[in-house]
Amino acid sequence: MISLKEVEKVYRTEEIETLALSGINLEIDEGEFVSVMGPSGSGKSTLLNVIGLLDEPSKGSVLLAGETIQGLPDRDQARIRNQQVGFIFQTFHLISDLNVIDNVEIPLLYRHLASFERRSLALRALERVGLASRVRHFPSQLSGGQQQRVAIARAIVGQPRVLLADEPTGNLDSQMGEEIMKILMGLNEDEKTTIVMVTHDARLAEKTERIVRLFDGRQVN
Amino acid sequence: MIKHVFTLVWNRRRTNALIVAEVLISFLVLCAVLTLSAHFLTNYLRPLGFDYQNVWNVEVSTGLPWSSIGQSSSMNTTRQLIEIAKGFPEVKAAAGILASPFGSSTWTNNVDNLSTSVMYDGATDDLPQVLGLELIQGRWFDRTDDAQNWAPVIINASLRDKLFGDRDPLGKTLIKSSEDHRLEGRVIGVVDDFRFKGELRTPFDLYFSRLRLDDTLSFSQPDLLVRVQPGTPAEFEERLMAGLNAAAPGWSFNIRPLGQMRRAQFTEMLTPLGIVALIAGFLLLMVGFGLLGVLWQNVTRRTSEIGLRRALGAHARSVYFQIVAEILVVTTIGLVLGTLIAIQFPLLGIVDDIAMTTYLIGLLASVGLIYSLTAACGLYPGWLASRVGPAAALHHE
Amino acid sequence: MLRNYIKMSLKVLRRRPFFTFISLFAIGFTLTALTTSAALIDHTLAPMPPETMLDRTLGIYHMTAKGETVQVNSNPGYKLLDRCIHDLPGTEMVTVFSSAGSVNSYLAGRKIESHMKRTDGAYWKVMHFDFLEGHPYTEDDDRNANFVAVINERTRREFFGNTNAVGKTIEADGQRFRVTGVVADVPIYRNNPFADIWVPIRTAKNDHYRSEYSGGFTGLILARSRAAFPEIRREFQARVSQIDLADLELPGVQVLSARPETYTEAASREILGTPVEKTRTAYLYACFAGLMVLFMLLPTISLININVSRILERASEIGVRKAFGASKFTLVAQFVTENVILTLLGGTIAFIASWGILAGFTWLGVVPYAQFSPNLRIFAVALAIALFFGVFSGVYPAWKMSRLHPVDALRGTTL
């Protein structure tokens, strides 16, 4: 499903070069639930961004669902992000001007679906995360756990084959974190969605099938 | 600190160049408006030198081809017209004049010992009675001048000061006889002033020559000025017109009170000023708008920096200063450039009509106005910035 | 999609009411100024009654006599027009008339000031005046120097109150005329038709004008079609060049020139101060357009600045949209749409405001007899200006926004 070969990522500023990732080789199969662990600055988020086409690797190749993704024009990258990938962020990143259902509909907007189709798909995704009763609320009226469930609904509404979660429980207390984890595991089991999750929490990581550890941008095993 | 602000300004020179241009343009326009207003006001406050109340101007058009204007037959008719006007009981005095007050025509001539040409006007013997001109030295034209072999002239006080200083001007020569001037022009009197071009115009040097109306006048047809009794109704205008029409059937006359001509002149001179003032207002609004844009960018771009400063204990006031400092520098650059340009106008003598002090008043007022605008624009974004909590800094990685 | 854009933009505009107000104010103000001036230009130059056939009319508005020591620039004299304007090829009609001169009338101790034009009979066929009563005077009236006059509505009101005027007599400039017709008021900035009183040329107090080559008159040539313009110009100028310069009674003149011009060409020449032969209407329009762009430049820059800030505030939103599949193009489209919505709002305000200003001008009588009213043409211009403004000030920030790296965008927080 996801295949990284000799991936390297260098950030350059005028004075210094920072090696964020180096020599990463990673194969993730369809339906796997993988955790990525490592201390701060070890390149976890960069790895996720590279897989999700938010960032381009400086060297090496990335295959997503059998497609090489480097060097694709912006329009095609956008299409792949839209159809293959769903993102979940630590700080939720809901758009505060839009209500719950409008937020969830965003990925569908870029698929040119009719508005009733978008509505029903978004409602189904919200039901899946148990928030069907809150569709008219605004993000600021929800608790952190609820906001993250909306964000998950947004990530799965387009039925992507890969979910990329960047510390999805990092801003939540442990009870809410458990809930979110339960949803993710359910998605992995029921829909066979491939999930890559960055986390600091060893207890959560142990629940996943495989743990990838990073240190200073390198894979350690 | 100041150096830091300058670095910021330099780093964003592309955006700032546009704002500098905005400030520069609006400053120049504002400067023009304020200088001109100050100029008009100082001119307005100085005495006019004559009384225009109850005086009517009779514009005379003979309908003659321009090559035959000023023939002696026309002058005879003109003299008759003055006599006809004087015959009415409503008329206190009447005179002929070359360039009427508040009118559009002016005449200039060269004078001995003066490099620039001097404004002059031609008038008959009755002009002081019509316009209430006061002589401060000597006398006005009269019949005794008929027999002289020199031409009498009357000068105003500023021309006297310029030519003769403290010496007695009476009997002195103003213009030597030459090819152009058959007769020598000799000063017989001094009037305080006669600002026939109107109150808003800068006072100027002037001399009068005598209109005799009994000879060929080679260049122009004089108009008539008529002083009527106070309270004379407009109905009299019709009778006066009928009298004039009867005496010169082929000619056309246009009677207008000087007061009305004065108002028309005010409108004519102040309307362009009003339009430029409107434009200046618009430009200022746009500058304010542009400054607000820059300020807001400052606040949004530097949220974390502001948050950090707050976390380190900076006061709301110092944050406000931090936000406003950049546009103050930008404004100052614009103003310095603008002043450098604006100062060229008096230095190069392009606007020599306007006194240097008036110019400086306009300049300083413009600078003050633009700085106040800058400070005012800082209020809302400054308030936004002061609301940035210390936590904002932490949100950033 | 568009509905979502609109919904989103309204929400964003509501978030920072202060800056929205400022933006709307600046846009509205700028567009009001532009729309109002466009309307004024339209009213001055566009064909409208009585000048309905302006597009196939040529005028001789200007003549130049030049020598080494003399130069006369003025409107043409009667003799010049009379000698050159008749029987030109491709013409339907010609008319010769004087400039509007100021004349006084006295009525029961009251003074009435008016503008008087002396015209030939054909004037009333070249111009399509709206006659409220009576009829124009004819070629015969002019030939026989009949003391007849056409007056406008204002003059009728001044002389006769609200009663009919045809058949009654008015006095003007010491002469008496019988009124044959009354026309609607024509604004002062329409040079050719404007006057308060029109009388036949030959009623003039003397006939000096008949021997003058310069000053006081205008001639209009109504061509059968615009296609005849070049031939008319060539023939007219050929006739002017055949005039014996000694006849001018102006010693030293070596060149005499006069050229039939369209109304806009004449306006270009007056405004730009270019010589007759070098006048180009396109140049005038380019100047108008250039001034408009200059005028819009400052607010555009400011609007761009504010828009960039609006975007920075929305960095996180941009990141999310990118992460969920918005391409650069989609984002640019979204932002430009938002900005166009803002400017259309401003444009609406501006259209209403300039409507008010023009109505105010008319009501206050700032310009005598002006009837400024917005028309479809002006609405179209206002819309075009607003759209141009919106796209212009939206594209740069939108492009900048779309280039924002999603990782950086997501890292940023909102204020």
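Reminder, nothing fancy here: chain letters follow the sequence lines and each chain counts from 1. For the numbers below, each heavy atom of this structure counts, side chains included, while hydrogens, waters and symmetry mates do not.
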Considering only NZ, NE, NH1 and NH2 on the basic side and carboxylate oxygens on the acidic side, decide whether C:R314 and A:D97 come within less than 4.0 Å.
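Salt bridge between C:R314 and A:D97, a charged N being under 4.0 Å from a carboxylate O: no.
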
Of the backbone (N, CA, C, O) and the side chain (C-beta and beyond), which part of [X] lies under 4.5 Å from a heavy atom of chain C, both, or neither?
X	value
A:L54	both
A:R111	neither
A:D76	neither

Could you tell me which non-hydrogen atom of A:Y110 sits nearest to which non-hydrogen atom of C:F324, and how far apart they are?
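Looking at all heavy atoms of both residues, the closest pair is CD1-O, 3.8 Å.
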
Looking only at heavy atoms, which two atoms of A:R81 and C:K322 are closest? And how far apart?
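Of all heavy-atom pairs spanning A:R81 and C:K322, the closest is NE-O, 2.7 Å.
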
Look at A:P73, A:S115, A:P160, A:A78 and state which one has the largest set of heavy-atom pairs under 4.5 Å with chain C.
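With the most close heavy-atom pairs to chain C, the winner is A:A78.
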
Quick check for you: among A:L108, A:D55, A:T91, A:L53, which has the greatest number of heavy-atom pairs under 4.5 Å with chain C?
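Winner by heavy-atom pair count: A:D55.
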
Just wondering, more than 12 heavy atoms not from [X] lying within 6.0 Å of its [atom1]?
X	atom1	answer
C:Y283	OH	no
C:L364	CG	yes
A:R213	CZ	no
C:F392	CZ	no
C:F329	CZ	no

Decide yes or no for C:R321 and A:I95: does some side-chain heavy atom of the first lie under 4.5 Å from some side-chain heavy atom of the second?
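Yes, close enough: below the 4.5 Å cut-off.
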
Quick one, A:L109 and C:Q334 - any side-chain contact, counting heavy atoms below 4.5 Å?
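Heavy-atom side-chain distance check fails, nothing below 4.5 Å.
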
Highest number of heavy-atom pairs under 4.5 Å with chain A: which of C:P406, C:S327, C:A326?
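Top option by heavy-atom pairs under 4.5 Å: C:A326.
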
